[in-house]
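I have placed the structure first, in the form of structure tokens, so that the comments after it can refer back to it.
If you're wondering where the values come from, they're calculated on a predicted model, not measured in any experiment. Count residues from 1 along the sequence.
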Amino acid sequence: MTASTAGAPCVLFPGQGSQARGMGSGLFDRFPEATALANDVLGYDLPRLCLQDPEGRLDDTRFTQPALYVVNALSHRDSLERGEPEAEYLLGHSLGEYNALHAAGCFDFETGLKLVAKRGALMARASDGAMLAVVGTSESELRAFLAEEGLARLDIANLNTGTQTVLSGARDEIERAHRLLGERSVGAVRLKVSAAFHSRFMAPARDEFRAFLKGFRFSPPRATVIANLTARPYDADIPATLSDQIAAPVRWAESIRYLLERTSVEDCRETGDGSVLTRTVRQIAAEAGPRAGGRPPATVAPRGRIEPDAEPRTGARTPEARPRLFCVAYAGGDERAYAPLSEHCPGVEVVALERPGRGRRTGEALLREPAAIVDDLFAQLRDHLDAPGARGTPYALYGHSLGARLAFLLCRRLRAEGLPAPAHLFVSGESGPAIPSRERDTWRLPDQAFRDRLKQLGGVPAELWKYDDMMAFYERVLRADFTALGAYAHVTEPPLDIPVTAMAGEDEWFSRADIDAWQWETTRPLTVHWFPGDHFFIRGQWPALARIVTSGLAAA
């Protein structure tokens with residue numbers, strides 16, 4: 001790796017797994033007020049836990065996470081008082097992300113401690129899960145291994161470097177994966193954890209934590225904080241990102257690659273006495289080759305600004321743009337609805353088009369008319385198509401259920417505006433748009449009947465029904481979407497001149513004629529796929545959907 005000029009300072013905060021008896025030595029005496037506050041919030045003697053751990057609780061998630069948060073925070077405060085520069089970039093591994101947000105001023109020390117204490121308690125509830133660190137193989141090779149061996153209950157939890165990945169999931173399948181990898185001479189080590197962190201097994205903890213976060217307010221970051229969830233700087237929706245992080249993979253390697261395009265390895269310092277994260281930074285930089293190592297200081301964003309992707313330096317190799325898949329969510333869905341699809345499409349950039357009133361646009365008014373929704377989606381899509389470097393890159397549209405009809409209308413709007421047509425339209429869970437939706441009158445149902453219908457459709461996670469405040473919000477969004485579905489009135493126009501692929505579940509209420517009706521809307525031969533499952537069959541078929549999408553875009 002070539003040396004670079006000094007860049008923007010960056011601070012890294014370690015997460016669970018870095019704990020050790022004796023941690024925080026010297027810090028508790030140096031910061032007695034913060035230590036006393038932590039004891040009051042937690043209800044136990046934190047220095048005794050960290051320094052002596054007489055009951056052996058330091059590796060218990062309920063105690064590990066608050067202890068690490070406090071030690072990280074005090075260590076960072078100590079470094080600043082010793083004259084270390086304020087960071088312009090902050091990122092933490094899993095739990096460490098809370099320290100990054102605290103350092104950026106998004107919440108105070110006490111608030112952060114309350115958050116991590118609740119997080120640790122919720123994550124500790126899950127049982128019978130396990131995690132396995134795999135070394136010496138790439139993400140794509142590991143995914144191929146999981147598919148080949150039918151290890152369907154394992155998720156990729158941490159993408160630490162290009163050749164260091166962590167699997168998370170059902171204990172029996174972790175044991176099987178450990179044995180099979182050993183037979184292939186692939187290094188794998190069981191992690192000392194009690195649950196399957198950063199996997200689908202954390203969904204109940206994620207949903208309850210999301211409700212818990214409604215009681216807190218967050219300030220915009222004063223520095224650029226890179227999120228584990230997206231490997232990009234935090235946007236305005238801090239609660240959604242923090243809650244989703246619990247059940248989603250930690251995209252550490254991608255986060256570091258993003259960072260090293262903006263600063264240098266030498267300008268990264270790790271909080272505390274450890275060097276695990278520093279070693280990963282050096283390894284990722286070595287994997288990237290001479291391109292890593294940072295940009296000149298003039299390109300670094302001022303502290304507090306959420307920096308967009310910068311243009312490549314003159315002479316630097318520009319990576320080939322990936323084809324893009326623009327997704328339109330089903331009724332009640334938001335931009336996270338297709339996140340699992342993105343995980344299975346490494347060669348495709350999956351972009352969610354977010355409707356008002358949900359996700360990061362919660363504060364905006366809900367839309368109930370198809371035309372108004374399409375106007376909004378079209379404005380988003382046009383911005384993407386007009387972005388620097390986007391012209392000429394193949395793209396496709398995908399929508400499920402209500403999203404299928406909206407994606408279809410969006411194709412028509414693109415044609416009317418004379419903009420480049422998508423290379424493919426993928427639809428699922430909906431009949432051809434000329435056939436009236438079977439859910440067109442659902443929005444008229446009274447409250448209890450409406451909720452009963454939602455349960456029949458199966459789109460609402462079972463955990464949400466336990467929380468009245470969350471369901472009240474969610475039901476309002478669903479009502480608006482079903483109202484739009486009821487207001488859909490099909491207008492006959494010439495068929496689109498783009499390929500259409502329609503997908504449906506074998507246990508859905510659609511007939512084959514309903515799905516075949518998509519042929520009326522395209523001049524190309526229609527492709528149809530049937531899958532096992534009900535209306536939300538997609539949740540169990542992401543790898544298969546990814547292959548269909550990737551193949552369709554490759555043909556373009």
Side-chain angles (χ1 to χ4, degrees), residues 324-345 348 350-353 355 370 373-374 377 395-412 422-440 442 454 456-460 478 481-482 484-485 488 490 496 498-522 524-553 555:
R324 290 169 297 168
L325 179 71
F326 294 98
C327 297
V328 185
Y330 42 79
D334 59 22
E335 64 183 353
R336 297 182 292 272
Y338 299 108
L341 180 61
S342 178
E343 297 172 18
H344 294 282
C345 292
V348 176
V350 178
V351 181
L353 301 178
R355 301 200 290 277
I373 297 173
V374 172
L377 295 173
Y395 77 96
L397 295 178
Y398 172 45
H400 179 76
S401 196
L402 168 64
R405 291 183 182 252
L406 294 174
F408 165 71
L409 290 178
L410 193 51
C411 286
R412 282 188 166 184
H424 211 111
L425 171 62
F426 300 96
V427 293
S428 60
E430 185 55 290
S431 61
I435 297 176
S437 169
R438 301 204 178 195
E439 300 300 321
R440 61 187 179 276
T442 301
L454 294 180
Q456 292 172 358
L457 291 172
V460 181
L478 282 160
D481 283 349
F482 276 100
L485 190 59
Y488 181 92
H490 189 71
L496 300 166
I498 58 176
V500 176
T501 295
M503 298 167 280
E506 293 172 348
D507 297 331
E508 291 195 79
W509 51 86
F510 302 116
S511 68
R512 294 190 177 266
D514 290 336
I515 302 302
D516 288 344
W518 281 101
Q519 181 64 81
W520 307 343
E521 310 303 335
T522 175
R524 313 288 186 89
L526 176 70
T527 302
V528 177
H529 296 277
W530 290 88
F531 292 91
D534 57 16
H535 187 54
F536 282 93
F537 72 90
I538 58 174
R539 291 176 176 168
Q541 299 291 340
W542 292 121
L545 265 65
R547 287 193 293 271
I548 291 170
V549 166
T550 303
S551 176
L553 276 166

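Proximity of a side-chain donor or acceptor of D534 to a complementary backbone N or O of D507 within less than 3.5 Å is not detected. For R405 (side chain) and P433 (main-chain N/O), a donor-acceptor pair under 3.5 Å exists by modelled atom type.
The side-chain heavy atoms of H400 and F537, taken from C-beta on, include a pair separated by under 4.5 Å. Looking at heavy atoms from C-beta onward, W530 lies in side-chain contact with I515 at the 4.5 angstrom threshold. The shortest side-chain heavy-atom distance between Y488 and L409 falls under the 4.5 Å cut-off. When side chains are defined from C-beta on, L325 does not count as touching C345, because their heavy atoms never get closer than 4.5 Å.
Counting all heavy atoms, side chain and backbone alike, V348 lies closest to T550 at CG2-OG1, 4.2 Å. Listed here is the closest heavy atom pair of V500 and L526: O-CD1, 3.3 Å. Residues H535 and G429 share a closest heavy-atom pair of CE1-O, 3.0 Å. Contact detail for P532 and E506: the closest heavy-atom pair is CA-OE1, 3.8 Å. For the pair A407 and L425, the tightest heavy-atom approach, listed with the atom from each and the gap, is CB-CD1, 3.9 Å. The nearest pair of heavy atoms linking S428 to A404 is O-CB, 4.1 Å.
Remark: L402 CG to R355 CZ distance equals 5.0 Å, nearest 0.5 Å. Once rounded to the nearest 0.5 Å, the distance linking CG of L397 with CG of L353 reads 7.5 Å. Annotation: the span from W518 atom CH2 to E430 atom CD amounts to 7.0 Å, rounded to 0.5 Å. Put simply, CG on L478 and CG on L485 are 11.5 Å apart, with the number rounded to the nearest 0.5 Å. From D516, atom CG reaches atom CD1 of I435 across 9.0 Å, with rounding to the nearest 0.5 Å. Between the CD atom of Q519 and the OG1 atom of T527 there is a distance of 9.0 Å, given to the nearest 0.5 Å.
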> Going through the distances and angles, do R412 and L496 end up as a side-chain contact (heavy atoms from CB on, under 4.5 Å)?
Replying inline: CA-CA 7 Å; R412 282 188 166 184; L496 300 166; 4.3 Å; yes
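In the model, T501 has no side-chain atom that pairs as donor or acceptor with a side-chain atom of H529 under 3.5 Å.
Ring planes of Y338 and Y330: perpendicular class, angle over 60° (limits at 30 and 60°). Below 30°, between 30° and 60°, or above 60°: for F408 and H490 the angle between ring planes is below 30°, a parallel geometry.
Ring pair H424/Y398: centre-to-centre distance not below 6.0 Å.
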